[in-house]
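Numbers restart at 1 for each chain; the letters A, B, ... are given by sequence-line order, proteins then strands. Just the heavy atoms: all of them, side chains too, but no hydrogens, waters or symmetry mates, feed the values below.
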Protein chains: 4
Amino acid sequence: MTIRVAVLGAAGRMGTTTAQAVRAAQGLELVAELDAGDDVTALAGVADVAVDFTVPTVTEGNVHALLDSGVHAVVGTTGWDDAALARVRTHLAQTPDLGVLVAPNFALSAVLAMRFAAIAAPLFASVEVVEMHHPRKVDAPSGTAVHTARGVAQARAAAGAPPMPDATELDPDGARGADVDGVHVHALRLEGLVAHEQVFLSNPGELLTIRTDSFDRSSFMPGVLLAIREIGTRPGLAVGLDAYLDL
Amino acid sequence: MTIRVAVLGAAGRMGTTTAQAVRAAQGLELVAELDAGDDVTALAGVADVAVDFTVPTVTEGNVHALLDSGVHAVVGTTGWDDAALARVRTHLAQTPDLGVLVAPNFALSAVLAMRFAAIAAPLFASVEVVEMHHPRKVDAPSGTAVHTARGVAQARAAAGAPPMPDATELDPDGARGADVDGVHVHALRLEGLVAHEQVFLSNPGELLTIRTDSFDRSSFMPGVLLAIREIGTRPGLAVGLDAYLDL
Amino acid sequence: MTIRVAVLGAAGRMGTTTAQAVRAAQGLELVAELDAGDDVTALAGVADVAVDFTVPTVTEGNVHALLDSGVHAVVGTTGWDDAALARVRTHLAQTPDLGVLVAPNFALSAVLAMRFAAIAAPLFASVEVVEMHHPRKVDAPSGTAVHTARGVAQARAAAGAPPMPDATELDPDGARGADVDGVHVHALRLEGLVAHEQVFLSNPGELLTIRTDSFDRSSFMPGVLLAIREIGTRPGLAVGLDAYLDL
Amino acid sequence: MTIRVAVLGAAGRMGTTTAQAVRAAQGLELVAELDAGDDVTALAGVADVAVDFTVPTVTEGNVHALLDSGVHAVVGTTGWDDAALARVRTHLAQTPDLGVLVAPNFALSAVLAMRFAAIAAPLFASVEVVEMHHPRKVDAPSGTAVHTARGVAQARAAAGAPPMPDATELDPDGARGADVDGVHVHALRLEGLVAHEQVFLSNPGELLTIRTDSFDRSSFMPGVLLAIREIGTRPGLAVGLDAYLDL
């Protein structure tokens, strides 16, 4: 059965790429492309799933309107805090058949790398994170790298892993990088790159490296399509694409 | 409570390294080092766990003698076939409190890499395996690489993943490497290396790389110690260290 | 002083990218974009340098017409054999101020990687080459990988380096890849990739890895711009961009 | 003709490894192993080349004694400053047939990586350095990484390369690492590793990575043996093994 898909924020870069990917995908039909000013409730009975790549100021309103209209919501827009997520959870209690996925990152390789790093973290003596991005990025380290480091730190704490060994006494210029919950994070800025991350995990005699390279926006599309196909069987609120990957 | 550990094959390279690691480990006590000719049943009431790094001709007999003596068995010796495993399973039915782990590879990074590759495989368009070993190795590709490729192939088949794209028409010298169940495997032989593997998984716009480097025998020890500590809570037969990692 | 640049094959993908890069570059002025049917000799007195990204059937004629018109020629078109190069060399003897550069690859990272591999090759016990390309490529291994392997083989032969150690006896499925003049070359085909190469050089206890990643056509532009700027000071025929890099 | 080799500091770790390597090498004969208290001048007429892996307090005295005894000196001991080097240069003026090589690093892969990075640096928009060492190291970044960054900075300054692009405004925890003469340097500390370095050089659309891994002390031996064999044809003072590599 074909899944009818609407794209919200269809004129933006992610929205445009999503609309193209939906058009090209088997079993999906692009039924609407909405932008600022368009009425989301018009999707009632027209779309099964809506993908929201809009802006932080309107995305929460969109999701509530979609739930009122009986449409599942796949959300890639940033800006969701715990209070906003709680309000969606409350709303979903009244629409038990509908699903909402709020995901900060749809790149499968990045999502898997974070998850694998957390799984492996308690089994290794040392873990460090290196992220590489284009030099127009204004903040360091990247949100993905911070998220990765926190996942590593939480997994180690839960398993009772000891602190990592580090005899550094002399580091006048800060070469050891940022300390995120006890995990060192390093940020490189390199012309021509897009978004890349390496996680190094080591024990005596062995090194495990998990590397992810995102070359362009198309890297998000396999994850977006997977979410569109899965959300009909995943009622309720999910945060993070890994919730749909059954890892 | 201290776990009392015996090492079988204690004069061999792996046995020697294991004995050292047990001596240095918190919560473990090395109570016996046995070699050819020593009586395994003497371990009854003396050892809680025995680690067998002997030879294919005696390892099965050792395991049955350990079970008769009430000792858990962690086995790193190769040469186990399905029939031998079945005989251990039968024996274990009579000693329901005891555990036997038969593991071809105790390097955590290698075990995790294989498992992660299998988990991720159905989510990517392309997967290839590159292994790198010292040039004294007589066979190619490595057993670990074949095992990795088969795990990838099985996971893709189970998920209904399509064949990987490959338009190669002209490859007169075999640069595309070995085809193992539809997964291409490449073997490098490089002086100074020990045992290394890379798995490449890619989609449009993204690449996930899982790399494992084993620099020396000490890389097996975290896995051996983990098995010694866990086996008391894992009655029955387990094959492969990943069974103890709850991935 | 501004360098006046013409692009031949301006409607093609490489020509279009080159025209954009010239327009954006400091000290360069795009004065002409020519395509099939346009008269190359019209560039006399108009352009200082012409960049030829046309097709094998017309590129040699273009170069001779450019020399007759007093214009330096930077050539990225393939299809040049020794006889064609000899004819250009003969022509250049009559125009001693003009330069011609015929280069199969303008990606600086790829050109440098090949050169560095050749410099380092005699100092290491083992050298192998791994190339990774998109799966629509019909031949394996890539021309760049073959070129790299041949450079390694020639440098080792010139230095009297011994054959590389390799005890492989059993390789039923060809995992060891292609043998190019004694250097093993491995080809991977991965969705989403463009053109990538790794050269591994090792000795007891050490490994040197040279890796080059080309993400898109823009990777050729720094090399093309460098050639445009240098050719005025490089009279005569040069083959390969490394001739201009003074390595 | 066999080269007669003496090792100074023969009881130390590097001295022991060197003596073994000399014994195993074709065309070399180990004629003396000296330690604290032994008379260096006794090597006159006995040794052709001496390798000094002693300590900073005695190495300069050793070199002058070797020159007085007509013996070439390959020096791996640290602690040489410009004044000490100048005194050796003055001494060498009186012994024009003798050579002295003072080298902080004999690992060929590390020496080549530094040199290649400097050659390539002016041709790329961005360059960053990542070093990885065992966690017992007390200083960060490593001397090799600082040396690499300085070589990159000098080469870029000499070529008039512009500053690297970097829009970072917000980096509260220092994830961007150390700034060494305008080149960012990142230090990782990982259990089980020895000495590793990666240099990343990028342009729009391309990335060149030069990586060097030293797994153990044996990685220095190919460089030491090369120096022993070459020093007879290299009269005068050389600083850094790259002086002998004719790069």
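For the pair C:Leu108 and D:Leu123, the tightest heavy-atom approach, listed with the atom from each and the gap, is CD1-O, 3.5 Å.
When the shell of 6.0 Å around NE2 of C:His134 is examined, it contains more than 12 heavy atoms from other residues, nucleotides or ligands.
When the heavy atoms of residues 197-228 of chain C are compared with those of chain D, the residues falling under 4.5 Å are C:Asn203, C:Pro204, C:Gly205, C:Glu206, C:Leu207, C:Leu208, C:Thr209, C:Ile210, C:Arg211, C:Thr212, C:Asp213, C:Ser214, C:Phe215, C:Asp216, C:Ser218, C:Ser219, C:Pro222, C:Leu226, listed by number.
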